[in-house]
Amino acid sequence: MKVPRLISLFRSLSKEEVKRFGQFLKSPYYNATPKMKALYKYLKITHPKCQFEQEDKEYLFSKIFSKEPYSNKKMNNLTAALSSILQDFLLLQRNKSGSFVRDFNLFRVYHDRKLDSLSEKQLLKLQKTINARNGDTMVDHYHQLRIHHELYFHSNTSRLKGKQGEGYLNTTFEYLNLFYVQARLRYLCEMNFRGDILASVDKSERDELSKLEEFVSLKKTPLLEIYALLYKIQIVPDVDIYADLREKVFEYCRKENSNSGDHLLTFLNNYQSRRSKEGDTDALLELFKIYNFGFEEKIYLLENKYIRAAHFINASVIASELKKTDWLEQFIEQHQQKLKTDLQENVVNLCKAYLSFAKEAYLDVISYAGRVQHHIPNMGLPCWTLEIRAYYKTQQDSDYLDNILRNFSNYLHRNQNAIFTDTYIANRNFIKIIRQLYKAKYNNKYTKEKLNDTMESMTNIVCKNWLKTEIDSLSERK
């Protein structure tokens with residue numbers, strides 16, 4: 001069932017924010033109705049889980065609307081109204097934090113009211129704040145570009161003569177170039193990781209890219225150098241270039257520890273993931289080093305307190321494949337409380353299933369995976385493949401394994417619209433290979449060579465390294 005926006009937002013609140021939102025609701029400005037306040041009280045009591053299944057909605061409706069028969073429309077209207085106020089509360093919270101958007105919007109208020117002196121002072125204040133940050137991200141360059149653009153066209157600036165206007169114009173061009181070059185390099189890297197666009201880049205675009213690299217060599221800002229190396233290594237995979245890139249990324253992350261750090265580590269992960277899919281045996285260990293660094297330096301902490309579920313799971317998968325059981329056991333124990341509450345139980349059970357698989361405790365794998373909510377595809381898919389691999393290692397009954405594979409196939413079919421096409425195909429291919437792999441135990445038709453050829457012909461397949469290991473071990477049993 002789709003989670004209402006109000007519930008998603010309310011679950012994301014801290015205890016202190018829940019309390020402040022209650023105070024916010026008391027303001028006569030928003031005219032919150034008694035029914036809205038009653039809904040807030042229920043959500044406050046049930047926070048952070050905020051259960052809102054159909055039976056919860058019907059029970060709550062009977063309490064709020066007294067003897068009226070249940071109306072889904074009325075309940076949806078009530079949640080929408082409270083959601084609107086909660087969104088205003090969150091926007092106000094963000095504005096109070098002194099963000100660039102808040103300060104720039106204040107400049108627009110002065111500007112639109114023709115308060116020229118105040119608007120100019122606000123721009124100069126913004127300029128001073130941004131300069132003190134000394135940031136070199138794409139967003140920093142964009143903010144500088146906006147500030148100097150407004151300063152140049154401000155009514156108090158002499159544009160036709162004098163050094164002031166000339167200075168603002170030159171600085172506007174400088175930040176325009178910095179923003180463009182970094183954006184171009186960054187999104188070329190993004191696009192390439194989602195499909196090899198470099199093969200289709202024509203000569204004019206290659207000439208432009210050469211000019212971008214020339215610009216980088218002149219400016220030499222840390223992020224520009226990193227993105228230039230990221231782009232370069234996609235064209236010319238090289239151990240030394242990668243070592244230089246990783247060193248620069250790690251150094252940047254240690255100094256900045258910002259959202260840019262997370263994005264940069266993701267680029268490194270994507271690069272190594274591609275190498276791993278291509279059969280590079282060193283890539284998995286490199287992926288482990290990247291994740292370990294990200295957790296040690298707290299790069300993966302959202303709002304300095306939460307860990308993304310995807311990072312938590314990916315690190316566990318890699319540690320499991322490398323058999324780093326002590327590290328993984330300690331990692332789960334130390335970091336599980338940093339997962340968001342509504343995801344914690346499922347993610348921890350999934351990762352404990354991976355830990356058990358690495359320990360070859362296959363019955364524990366089945367137990368932990370069975371506790372995960374399979375109806376969520378990004379949780380259900382890895383649970384199915386874990387359970388199937390565990391059954392493969394423990395069961396001698398081919399009918400039993402066939403039944404599990406059939407159930408997984410049906411699961412894929414039911415959830416096809418919620419699964420990316422590549423992921424759907426990769427799991428279908430897994431089912432095909434695992435069936436043939438099991439048959440190879442007693443049927444000489446499925447040889448090691450034939451299975452390897454079949455798997456290599458598949459563009460996408462999950463658990464490829466494990467399958468390859470199992471295929472390679474066939475000759476030892478025959």
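Note that the coordinates shown come from a computational prediction; the quantities given were computed from them, not determined experimentally. Values below: every heavy atom of this structure, side chains too, minus hydrogens, waters and symmetry copies.
A ring pair (Phe, Tyr, Trp, His ring centres under 6.0 Å) with F312 holds for exactly one of F331, F295, Y300; it is F331. The side chain to side chain contact (heavy atoms under 4.5 Å, CB included) test with V462 singles out one residue from N427, L381, I433, T423, and that residue is N427. When N131, T129, L124, L126 are each tested for a side chain to side chain contact (heavy atoms under 4.5 Å, CB included) with I147, only one passes: L126.
Of all heavy-atom pairs between L328 and C351, the closest is CD2-O, 4.4 Å. The heavy-atom pair separating Y354 from S320 by the smallest distance is O-OG, 2.9 Å. The two residues M379 and V372 make their nearest non-hydrogen contact at CB-CG1, 3.7 Å. Between L245 and I226, the closest heavy-atom pair is CD1-O, 3.7 Å. Residues A38 and I64 approach most closely at CB-CG1, 3.9 Å, considering heavy atoms. Listed here is the closest heavy atom pair of Y175 and L145: CB-N, 3.9 Å.
Using a 4.0 Å cut-off between charged nitrogen and carboxylate oxygen, R308 and D262 count as a salt-bridge pair. Salt-bridge check for K359 with E329: passed, with a basic side-chain N closer than 4.0 Å to an acidic carboxylate O. Checked for salt-bridge contact, R246 and E286 meet the test: a charged N lies under 4.0 Å from a carboxylate O. With respect to K255 and E251, a salt bridge is recorded, a charged nitrogen being found less than 4.0 Å from a carboxylate O. Note on K248 versus D244: salt bridge recorded, some NZ/NE/NH1/NH2 to OD/OE distance being below 4.0 Å. A salt bridge links R20 with E16: the distance from a Lys NZ or Arg NE/NH1/NH2 to an Asp or Glu carboxylate oxygen falls below 4.0 Å.
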### salt bridge (charged side-chain N to carboxylate O under 4.0 Å, His left out) between K393 and E470, worked out
CA-CA 10 Å; K393 299 293 284 187; E470 292 302 313; 3.1 Å; yes

### Message
Could you walk me through whether E150 and R108 satisfy the salt bridge (charged side-chain N to carboxylate O under 4.0 Å, His left out) test, starting with their C-alpha distance in whole Å, then the side-chain angles of each, then the deciding distance to 0.1 Å, before giving a yes or no?
### Response
CA-CA 10 Å; E150 295 293 348; R108 295 302 312 175; 3.5 Å; yes

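When ring centroids are compared, Y362 and Y392 stay outside the 6.0 Å threshold. Aromatic ring centres of F107 and Y110: separated by at least 6.0 Å. Between Y242 and Y271, the ring center distance clears the sub-6.0 Å criterion.
In this structure, E55 places its CD atom where only 12 or fewer heavy-atom neighbours from other residues, nucleotides or ligands lie under 6.0 Å away. Within 6.0 Å of atom NZ in K323, more than 12 heavy atoms from other residues, nucleotides or ligands are found, so the atom counts as buried in its surroundings. Atom CZ of R5 has 12 or fewer neighbouring heavy atoms from other residues, nucleotides or ligands inside a 6.0 Å radius. Surrounding CD of E247 are at most 12 heavy atoms belonging to other residues, nucleotides or ligands under 6.0 Å away. Crowding of E345 atom CD: a count of heavy atoms from other residues, nucleotides or ligands under 6.0 Å not exceeding 12.
Rounded to the nearest 0.5 angstrom, N429 CG and I461 CD1 are separated by 5.5 Å. For the atom pair CG (L9) and CG (L86), the distance works out to 5.0 Å, reported to the nearest 0.5 Å. Of the inter-residue distances, the one linking I425 atom CD1 with K432 atom NZ reads 12.5 Å to the nearest 0.5 angstrom. With rounding to the nearest 0.5 Å, the separation of CD in Q182 from CG in L223 is 5.0 Å. Rounding to the nearest 0.5 Å places CD1 of I233 at 8.5 Å from CG of L268. Here OG of S71 is found 11.5 Å from CD of E58. Values are rounded to the nearest 0.5 Å.
A cation-pi contact, defined as under 6.0 Å to the ring centre and within 45° of the axis, is absent between K74 and F61. With Y306 as the aromatic partner, K340 meets the cation-pi criteria of under 6.0 angstrom to the ring centre and within 45 degrees of the ring axis.
No donor-acceptor distance shorter than 3.5 angstrom exists from the side chain of S367 to the backbone of L363, with no hydrogens or angles considered. In this structure, the side chain of H148 engages the main chain of Q144 through a donor-acceptor pair within 3.5 Å. Within the 3.5 Å criterion, the main-chain N or O of S14 finds a donor-acceptor partner in the side chain of E17. Judged purely by atom type and a 3.5 angstrom limit, R275 has no side-chain atom pairing as donor or acceptor with the backbone of D280. In this structure, the side chain of R428 engages the main chain of S409 through a donor-acceptor pair within 3.5 Å. Here the side chain of Y40 pairs a donor or acceptor atom with the backbone of V18 at under 3.5 angstrom. Although no hydrogens or angles enter the test, the distance criterion places no donor-acceptor pair under 3.5 Å between the side chain of H143 and the main chain of I130. With hydrogens and angles disregarded, a donor-acceptor distance shorter than 3.5 Å links the side chain of H47 to the backbone of L13. In terms of modelled atom types and a separation under 3.5 Å, the side chain of S276 and the main chain of Q272 share no donor-acceptor contact. No donor-acceptor pair under 3.5 Å is formed between the side chain of E190 and the backbone N or O of F267.
In this structure, F430 and W466 have tilted ring planes: the angle between them lies in the 30° to 60° band. Using cut-offs of 30° and 60° on the angle between ring planes, the pair Y42 and F52 is tilted. Relative orientation of the W327 and F288 rings is perpendicular, given thresholds of 30° and 60° on the angle between their planes.
Side chain to side chain, Y70 and N72 meet the donor-acceptor criterion of an N or O pair below 3.5 Å. Residues N346 and Q373 bring a donor and an acceptor atom of their side chains to less than 3.5 Å of each other.
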